[in-house]
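Order of the sequence lines sets the chain letters (A, B, ...), proteins ahead of strands, with each chain counted from 1.
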Amino acid sequence: MTEILLGAYVFILAIVVGFEVIGRVPSMLHTPLMSGTNAIHGVVLVGGILVLGQAHTITTQIIGLAAVLLGSLNVFGGFVVTDRMLKMFHARPRDQR
Amino acid sequence: MSASAAIGVAYLVASLTFIIGLRMLSSPVTANRGNRVAAAGMTIALIATLLTPGLANYGLIAAGIIVGGAIGAGSARKVRMTAMPQMVAIFNGMGGGAAALVSSLEFVHRTSGGGTLQTGQAFTIALGAAIGSVSFAGSLIAFAKLQEIMKGNALQFQWTKIASGLLVVAVLALVVVITLGTDTIPVLIALLAVAVILGLVLVIPIGGADMPVVISLMNSLTGLAAALTGFVLNNELLIVAGALVGASGTLLTRLMARAMNRPLSNVLFGSFGATVTGGGELPAGATVREISVDDAAVLMSYSQRVVIVPGYGLAVAQAQHQVRELADILSSRGVQVKYAIHPVAGRMPGHMNVLLAEADVPYSEVYEMDAINGEFPSTDVVLVVGANDITNPAARSDPSSPIYGMPILNVDEAQHIIVLKRSMRPGFAGIDNPLYYNPRTAMLFGDAKDSLQKLVAAAKTVAMPRERRTRSGEPEVVQR
């Protein structure tokens, strides 16, 4: 039970930090915010690696592989697409920079 | 330092980079570096995870990461900016699906060989699997609607409300059953199945115009599911990351719902636009005035201030570059051009800003609704490109209108309004727009990109007098 309680501490504090930090993101950056946080929740790939690393039957290996596959799609796709978007935001037109 | 302590430190560093990365998103100047900081943290976390002692199946893990990473990065590199909402929706669904699978697999691992789950573990596993599945299915439907594989319009079936209500109850009941100790695989499969159906039934009736809310909500659900897998695996990194995303999604969901002046429950179950009942009665004898391309070009060229209002139609027509071209010509003639963005313009929060950024419009020329609404009375021409409901004055004046109370861009206060529109078909909300019958409004019918190209060509040929303005600042009478 203490582990769950510890998790709850971390969870609640992170939520508070999240509200504080994300409340400052201007609406112009809301799409990159969304795709960037999207990439961050791809961290579930860590979970996928851990469970696939313990899978010993064909069925569990398939499920674990699917989790790693989906998680990787999420992480790599999310960061790349956010990077692409954010590179486009400029304060001045290109020829004046 | 033991291996597990080193891994723990790596996770702590990664958690910090996520927070710092998001913090750097508060300004467009630092935003890109922020995203890279978070990506670096993710890399550290993944390397640390791979070094966990006792892992098997390295071949499979590598295969999954390489194939998934290649597909993800490849499609992310190719996707058009106009298709960004569906891209985010599908990545979000992948994350939700991964979270559900991780929880399910941990369930299998811990219950195999006669093991049982502790109450707390059973609860977090069941809830994580359920929320991940809802997000997976809901995001895929959102993707299908945005990609127009499925019809994007709102559907209104009485049974979907009842069905979603029953499905929510069923999901909760199965979570309780698992938590109370019936941790068998058939019950888990039933839970996953019911949760997937709930995700489908929840999003299928929702129309395209409400997608900014749906995508934000699904984002927050996937964050929550990821955090729950963190509880399952006793992994604080997953808890922190999931909580951050959950907070972000929740904030955006609230923001979007507020920008539509509708509570979330109404977005989910109100099926906006499917049941249009009266409202927006037009005055008798209201007529629509059309304007020619040449007249519109002259009117704008001889203005002092022009505000461009982009909407989803701009994205559909992929006309962001043409808009910029027109703005450049107008600017070169001394016209001050600004862009006005409504919070729910487009299909996801901030969609229009990304499209304008792609067309190299500097963000200093792009204004939020509250920042520009006071300027419309002193604006000579507003050019509305593929936007409808967010400019509908009925939201201000007609209590019987379904969008009454929604904050809008007050474009009707400008001296002239030019609306680029395909036809007189009502917008996604299915509501007539009195703006189009305003005597100061002129319609330019046609595909937005096509009309803009013609406007660009026409504006180039508009003859400008050397001293183009009278002292009073009024545009001169046009001699043609």
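At distances below 3.5 Å, not a single donor-acceptor pair connects side-chain atoms of A/T37 with backbone N or O atoms of B/V245. A donor-acceptor pair under 3.5 Å is formed between the side chain of A/T31 and the backbone N or O of B/P349. A distance-only check finds a donor-acceptor pair linking the side chain of A/N38 to the backbone of B/V88 [under 3.5 Å]. Remark: side-chain polar atoms of B/N57 are paired, donor with acceptor, to backbone N or O of A/A55 under 3.5 angstrom. Not one N or O on the side chain of A/R24 forms a donor-acceptor pair closer than 3.5 Å with the backbone of B/R23. Listed for the A/R84 side chain is a donor-acceptor partner under 3.5 Å among the backbone atoms of B/A76.
Heavy atoms of B/N235 lying under 4.5 Å from chain A belong exclusively to its side chain. Of the two parts of B/T52, only the side chain, counted from C-beta on, holds a non-hydrogen atom closer than 4.5 Å to a non-hydrogen atom of chain A. Contacts of B/N219 with chain A are made by both backbone and side-chain atoms, with heavy-atom separations under 4.5 Å. Within the 4.5 angstrom heavy-atom criterion, only side-chain atoms of B/F231, from C-beta onward, approach chain A. Proximity to chain A is absent for every atom of B/S104, based on heavy atoms less than 4.5 angstrom apart. With a 4.5 Å cut-off on non-hydrogen atoms, B/E236 touches chain A through its backbone and its side chain both. Interface remark: B/L224 contributes side-chain atoms only to the contact with chain A (heavy atom separation under 4.5 Å). When heavy atoms are compared at a cutoff of 4.5 Å, B/P28 approaches chain A by way of both its backbone and its side chain. In this structure, chain A has a heavy atom under 4.5 Å from the side chain of B/L252, while its backbone stays farther away.
How far CG of B/L255 is from NE2 of A/H30: 5.5 Å, rounded to the nearest 0.5 Å.
Annotation for B/G97 and A/L70: closest pair C-CD1, 3.9 Å, computed over non-hydrogen atoms. Residue A/A14 comes nearest to B/A243 through the heavy atom pair CB-CB, 3.5 Å, listed as atom of the first residue, atom of the second, then distance. The minimum heavy-atom distance linking A/V81 with B/M87 is given by the pair CG2-CG, 4.4 Å.
Ranked by heavy-atom pairs under 4.5 Å with chain A, the list B/T229, B/V79, B/I341 is led by B/V79.
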